[in-house]
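Working notes, structure below.
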Amino acid sequence: MMKKLSVIVPCYNEEAVLPAFYDEITQVAAGCSNYEFEFLFVNDGSKDNTQNIVESFAKKDARVKFISFSRNFGKEAGMLAGLEHCTGDFACFIDADLQHSPDLIPEMLKAVDEENYDVAACRRVDRKGEQKFKSMLSGAFYKVVNRISETYIDDGAQDYRIMNRNVIDSILSMQENIRFTKGIFSWVGFNVKWFPHENRERAAGDTKWSVRKLFKYAMDGIIGYTSSPLRIPLYLGFILLLLSGIYALGVVIRLIVAGHVFSLTSGAILFAVMVVGGLILVSLGIVGEYLARIYTEVKDRPKYLIAKTNCDK
Ligand code: UDP
Ligand code: MG
């Protein structure tokens with residue numbers, strides 16, 4: 001029996017690049033003749049012609065499977081749906097935009113099938129072709145996250161990877177609703193072989209990441225993998241209590257020695273009230289961020305809804 005690789009491709013408005021992607025990936029598959037292939041396109045609520053293009057592939061190629069969401073649920077949901085429906089011994093995540101070079105697949109496949117690795121993953125060697133501002137933001141994000149979180153999240157680690165069945169099942173066992181896949185990959189562990197991979201330019205179309213989306217992603221990454229921000233209000237509270245204790249002591253001493261208390265200007269009082277008010281609001285906000293995520297998890301809504309598919313699983 002030939003072993004099977006499921007190639008999972010999350011697509012959101014990728015009509016411009018899908019034909020070129022399909023050409024490249026099928027060429028690579030033709031070069032790996034001792035493996036069976038499955039190409040699982042997850043159409044994440046695209047508003048363009050993505051669905052028709054994918055269905056036209058499926059018509060002429062029985063290896064092409066698709067899952068089409070009822071709306072845009074995000075790449076994380078797309079990757080989850082791919083893992084849940086794939087039938088391969090191995091699964092590969094790859095972007096549709098050809099930024100992940102498909103020609104690495106044979107080598108990666110060898111690592112997981114012959115070299116006893118559980119995962120073959122790509123690590124970015126540089127951030128060429130990315131906006132300066134975006135690189136700076138994400139650099140800062142990884143610094144913060146790795147400082148405070150118990151799970152080490154690799155700056156350069158990409159979603160582009162091949163994993164064996166054991167890893168697939170481990171990832172599927174994590175049924176959290178707010179999915180930060182980079183954190184999940186690192187949390188499950190296993191034996192990873194890293195491949196240096198230069199990010200190619202997007203072949204066509206536009207990136208789907210706005211700064212707002214990235215910020216939300218970063219917050220999910222921090223809050224999902226550490227609860228230490230919740231301790232900030234506690235420490236702030238202690239510091240303020242200590243300061244007010246010192247102040248009270250000063251007042252008493254001055255009252256005894258000089259017979260009267262300090263007189264503060266109204267400016268100083270206003271400043272103190274505003275600082276304390278600000279700290280309380282920030283603390284509440286931190287608690288609120290966790291609370292909102294608990295609320296989302298408790299509601300436990302489906303992570304995606306399927307409008308159309310040709311998968312049997
Ligand atoms: N993607 C998706 N749903 C989304 C956003 C993106 O399925 O809501 C897919 C997209 O089609 C692509 C991959 O995720 O295949 C990576 O997206 P993109 O290229 O926009 O991200 P970047 O490479 O700029 O980080
Ligand atoms: Mg891309």
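Keep in mind that this is a model prediction, so the values were computed, not measured. We count ligands from 1, going down the list as the structure has it; atoms in each ligand are counted the same way.
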Between Q51 and S46 (side chain of the first, backbone of the second, donor and acceptor by atom type, cut-off under 3.5 Å), is there such a pair?
no
Tell me whether C11 reaches ligand 1 (any heavy atom closer than 4.0 angstrom to a ligand atom).
yes
What protein heavy atom lies closest to atom 24 (O) of ligand 1? Include the residue and the distance to one decimal.
T207 OG1, 2.6 Å
Ion pair present between D159 and K75, side-chain N to carboxylate O less than 4.0 angstrom?
yes
Heavy-atom closest pair (S101 atom, Y160 atom, distance to 0.1 Å) is O-OH, 2.8 Å
For E14, atoms of ligand 1 separated by under 4.0 Å from a heavy atom
10 (C), 11 (O), 12 (C), 15 (O)
Do R161 and F185 meet the cation-pi criteria used here (NZ or CZ under 6.0 Å from the six-membered ring centre, within 45° of the axis)?
yes
Specify the protein heavy atom at minimum distance from atom 18 (P) of ligand 1: its residue, its atom name, and the distance to 0.1 Å.
R202 NH2, 3.6 Å
Any salt bridge between E36 and R63, counting N to O under 4.0 Å?
no
Atoms of ligand 1 under 4.0 Å from any heavy atom of D97, numbered from 1 in the order shown, are 19 (O), 23 (O)
Nearest heavy atom to atom 23 (O) of ligand 1, choosing from Q99, K213, Q158, belongs to Q99
of all protein heavy atoms, closest to atom 6 (C) of ligand 1 is K208 CG, 3.7 Å
Under a 4.0 angstrom heavy-atom cut-off, which atoms of ligand 1 come close to D44?
2 (C), 3 (N), 4 (C), 7 (O), 8 (O)
Over 60° means perpendicular and under 30° means parallel, so classify the ring planes of F57 and F41, tilted if in between.
tilted
Ignoring water, what protein N, O or S atoms are under 2.8 Å from the Mg ion (ligand 2)?
D97 OD2, Q99 OE1
Of the protein's non-hydrogen atoms, which lies at the shortest distance from atom 1 (N) of ligand 1, and what is that distance?
Y12 CB, 3.8 Å
With heavy atoms only and a cut-off of under 4.0 Å, state how D95 meets ligand 1: side chain, backbone, both or neither.
both
Pick one of side chain, backbone, both or neither for how N72 approaches ligand 1, counting any non-hydrogen atom pair under 4.0 Å.
side chain
Please report, to 0.1 Å, the donor-acceptor pairs under 3.5 Å made by any side chain of residues 238-252, with sequence neighbours excluded.
from: S244; atom 1: OG; to: L240; atom 2: O; distance (Å): 3.2
from: S244; atom 1: OG; to: L241; atom 2: O; distance (Å): 2.9

Numbered atoms and elements of ligand 1 in range of A96, under 4.0 angstrom, heavy atoms:
15 (O)
Decide yes or no on side chain to side chain contact (heavy atoms under 4.5 Å, CB included) for T309 and I306, but give the supporting numbers first.
CA-CA 7 Å; T309 178; I306 298 177; 3.9 Å; yes
When you measure from atom 14 (O) of ligand 1 to every protein heavy atom, which one gives the shortest distance, and what is it?
K75 CD, 3.3 Å
Check E297 with R293, please: is the shortest side-chain N to carboxylate O separation under 4.0 Å?
no
Identify which one of R165, K3, K193 satisfies the salt bridge (charged side-chain N to carboxylate O under 4.0 Å, His left out) criterion when paired with D113.
K3
Judged by modelled atom types alone, do K303 and Q175 share a side-chain donor-acceptor pair under 3.5 Å?
yes
Answer yes if V275 and L281 sit in the same cluster of Ile, Leu, Val, Met, Phe, Trp and Tyr residues linked by side chain heavy atoms under 4.5 Å apart, and no otherwise.
no
For ligand 1, is there an N or O atom under 3.5 Å from any N or O atom of P10?
yes
For Y295, is the NZ or CZ atom of K299 found under 6.0 angstrom from the centre of its six-membered ring and inside 45 degrees of the ring axis?
yes
